[in-house]
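Just below is one structure, and these are the notes that go with it.
Within every chain, numbering begins at 1; the chains are lettered A, B, ... in the order of the sequence lines, protein sequences first and strands thereafter. Here the structure is a predicted model, which is why all the values come from computation and not from measurement.
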Amino acid sequence: MRLSKYFWKTLREISSDAEMESHKLLLKAGFIQQVTSGIFNYTPIGWKAISKIKEVIFQEMNLAGAFEVNLPVNQPIDLWEKSGRSKTFVPPLASFEDRRGNEMVIAPTHEETATFLAASYLDSYRDLPFIIYHIQTKFRDETRPRAGLLRVREFEMKDAYSFDKDEEGLDDSYRTMIKTYENIFRRCGLDVIKVEADSGPIGGKDSSEFISIASSGEDTIFSCDSCDYAANSEKAEFFKLDADKLSGNEDIKDIETPNITTIKGLSKFLNLSKDKIIKTVVYKFSKGLISVSIRGDLDINETKLRNYLNEDPKPATKKDLENHGLIEGYLSARNIKISSILDDSIDIDSSYVTGSNKENYHLKNVIPKRDLNYDEIIDVSLAQKGFNCIRCKGFLNEKRGIEVGHVFKLGTGYSEKLGAYFIDQKGNSLPSVMGCYGIGVGRLLAAVIEARHDKKGIIFPKTIAPFQIYLINLNNESQEVLDKSNYLYENLKKLNYDVLFDDRNETPGVKLNDSDLLGIPLRLLVSKRTLSEQSVEFKPRDAEQSKLISIEEIFQEVDRFYNSIDT
RNA sequence: CGGGGCGUGGCGCAGCUUGGCAGCGCGCCUGCUUUGGGAGCAGGAGGUCAGAGGUUCGAAUCCUCUCGCCCCGACCA
């Protein structure tokens, strides 16, 4: 491509609205233009980068034996009513009425249509297993789009759906997709770690996220320093140390604690470490109030609580508490009429300080097993860095990252609701067992740039760079430079290299800066200076120094560069 | 949805406090010069100051409402 004829300009200045490096670089390098909040135009070069990523995804998915399909953007709401997600999907579905008066949904994801397609195909166990996938535009009306391409409302997403006859089959498909994902991300030049994750509104049991580590990322993950356990903060479990707990069987006593309503304050007032105190928080949900008690040094993980309750817990208001005779700041699970959960950090045989449900008093010598009401003991605590790994007791490190892929074991929920049944060997009709696997393509591009850039610009890996070679003719007034750079351009094209030839009538500074900004892996430069030595300057984007290669050898040298396996 | 910020030629911004000719840089057009790290000189085009209403002799500037965008939080792939 001759740059003088191409639809591409870089920007000297970008809006101060952009804060993330990937966002700034995508704008500055002329890849995207914002149309409205969370919705972007892609320029030819920006879309070309997206296409390269898609190409990697297609190759790896096909290699894994998955079949490409296309599922529609516009879908009848009926399918969503069947799956039960028409009202529960968050963010809410965007919809419109067609001219027949039917309500149509602009699809935020494609479980419903994928299952619908599978249901029409699926008759027998002989039809299983299979994986179908597509790359399609999805629309999600996020409350707060942000950070350029990282959190948007309309985006390209690769979605795959696996169908198996049983759990073991699903395990195989799930493993295959994980392997495929690892290949995709590696080929895109990203280091990702796989973490255990919460499945959120998609539903299902096992779920893993693929996280590209970046300090600017919006997800917090914990990984063990001595084994391979890793999980995001919503899901992370940890080993709860209970060293030197207080034992005893003394009677409960009131302690006067005027105006002391926080664990921190109480710990200081009594000169007692926080883990000897039980913290109680009351939440409101549809069936009523629920009290959650946890060791005072820990915090409640509301995602774990939501998964247990199957709905979003909301903190109870002061009024809710008063209606049940409870007092903010002095809550306790003793003698309460509402449901009660204990976090498993609490040792029910040990002695603790708790609230008293009376103003200005706490209780000591509280032995939960003897003195507290509780219905269930579960894990509802939030991990923190330095806590001990649930598997090996090593230490958990905290990192930030960008979620680039998410895989779920869905089970039979969708296949039951949408009728994706098959007949097994014994003649029974059974729902197929599903998994689903997503990659945000635009987000992946942003994550690659976030991970691979320097002060001057992007550093693309060879696999997904929008062009392979950035060729510059540095001195436009020299006929010899023009001739030789044209010669290189034509011959590189014949060798099937995708060359961006910067033949613009611009000054050297402009051309060099644009080539660094764009970050094509290899730059070739022809100038009066290089031609005085019958050579061409050869510079990989990530190399410190350029080198001069003679014109006879330049094609071999380029082949050598592109045949090396690294990205 | 709560808190904060912003909206002025194509892009980036100043001007607004204290009302009085619509400014700057970049880009763009023409000409000459220049050519290894975002060139120089000269000339030129381009603006309903987000929108509506109000106050005033006079509003980019003050008041009211509306719309849009960004950041933090909540929520979320």
Check the phosphate of rC70(B) against Q34(A), side-chain N and O only, distance under 4.0 Å to OP1 or OP2. Yes or no? yes
Is a side-chain donor or acceptor of Q75(A) paired with a backbone partner of V105(A) at a separation under 3.5 angstrom? no
When you check the side-chain N and O atoms of E537(A) and T530(A), is any donor under 3.5 Å from an acceptor? no
For rG38(B), does either OP1 or OP2 sit under 4.0 Å from a side-chain N or O belonging to T10(A)? no
CZ (F96(A)) with more than 12 external heavy atoms under 6.0 Å: yes
P-based separation of rA60(B) from rU66(B) [nearest Å]: 23 Å
NZ/NE/NH1/NH2 to OD/OE distance under 4.0 Å, D516(A) and R523(A): yes
Nearest-nucleotide 5' precedence on RNA chain B, K539(A) against E142(A): K539(A)
Does N475(A) contact rG36(B) through a side-chain donor or acceptor facing the base, at a distance under 3.5 Å? no
Heavy-atom donor-acceptor pair, T507(A) side-chain to rG38(B) base, under 3.5 Å: no
I'd like the C1' distance from rA59(B) over to rU35(B), given in whole Å. 49 Å
L517(A) atom CG is separated from rG37(B) atom P, nearest whole Å, by 18 Å
CZ of R146(A) versus P of rA74(B): gap in Å, rounded? 9 Å
I14(A) CD1 - rC70(B) P separation (whole Å): 14 Å
Given the rule in the side chain to side chain donor-acceptor pair (under 3.5 Å) test, do N473(A) and K511(A) qualify, once you have shown the distances and angles that lead to the verdict? CA-CA 9 Å; N473(A) 65 7; K511(A) 293 185 175 191; 2.7 Å; yes
Using atom CE of M20(A) as one end and atom C1' of rC70(B) as the other, report the distance to the nearest whole Å. 15 Å
Find the distance L150(A):CG to rC71(B):P and express it as a whole number of Å. 11 Å
Scan nucleotides 23-27 of chain B against the protein and return all N/O pairs shorter than 3.5 Å with their distances rounded to 0.1 Å.
{"residue": "rG25(B)", "atom": "N2", "partner": "E13(A)", "partner atom": "OE1", "Å": "2.7"}
{"residue": "rC26(B)", "atom": "O3'", "partner": "R12(A)", "partner atom": "NH1", "Å": "3.4"}
{"residue": "rG27(B)", "atom": "OP1", "partner": "R12(A)", "partner atom": "NH1", "Å": "3.1"}

Pairwise P distance, rU8(B) and rA50(B) [rounded to whole Å]: 6 Å
Side chains of T115(A) and Y161(A): is there a donor and an acceptor less than 3.5 Å apart? no
Residues at least two apart in sequence or cross-chain that pass side-chain hydrogen bond (donor to acceptor under 3.5 Å, both in side chains) with R529(A), listed by chain then number, are none
Just how far, in rounded Å, is C1' of rC70(B) from CZ of R153(A)? 14 Å
Just how far, in rounded Å, is P of rG37(B) from CG of D454(A)? 18 Å
With distance as the sole criterion, do the side chain of K28(A) and the base of rG38(B) form a donor-acceptor contact below 3.5 Å? yes
C1' atom, rC11(B) versus rA74(B): distance in rounded Å? 34 Å
Using heavy atoms to find the nearest nucleotide of RNA chain B for G38(A) and V152(A) separately, return the residue whose nucleotide is more 5′. G38(A)
Say we look at rG38(B) and rG23(B): how far apart would their C1' atoms be, to the nearest angstrom? 24 Å
Using the C1' atom in both, what is the distance from rG19(B) to rC57(B), to the nearest Å? 12 Å
Mind telling me whether F538(A) and F561(A) have parallel, tilted or perpendicular rings, with 30° and 60° as the class edges? perpendicular
If I pick the P atom on rC26(B) and the same atom on rG43(B), what distance separates them, to the nearest angstrom? 15 Å
Kindly write out the residues that satisfy ring-ring contact (aromatic ring centres under 6.0 Å, His included) with Y470(A), not counting sequence neighbours, or none if the list is empty. none
For the side chain of R144(A), starting at C-beta, report the closest nucleotide among rG38(B), rC71(B), rC70(B). rC71(B)
Using whole Å, what does the distance between atom P of nucleotide rC69(B) and atom CD1 of I32(A) come to? 15 Å
Regarding S37(A), tell me which of base, sugar-phosphate or nothing describes its non-hydrogen contacts under 4.0 Å with the strands shown. sugar-phosphate
Rounding to the closest angstrom, what is the interatomic distance between rC28(B) and rU64(B) at atom P? 43 Å
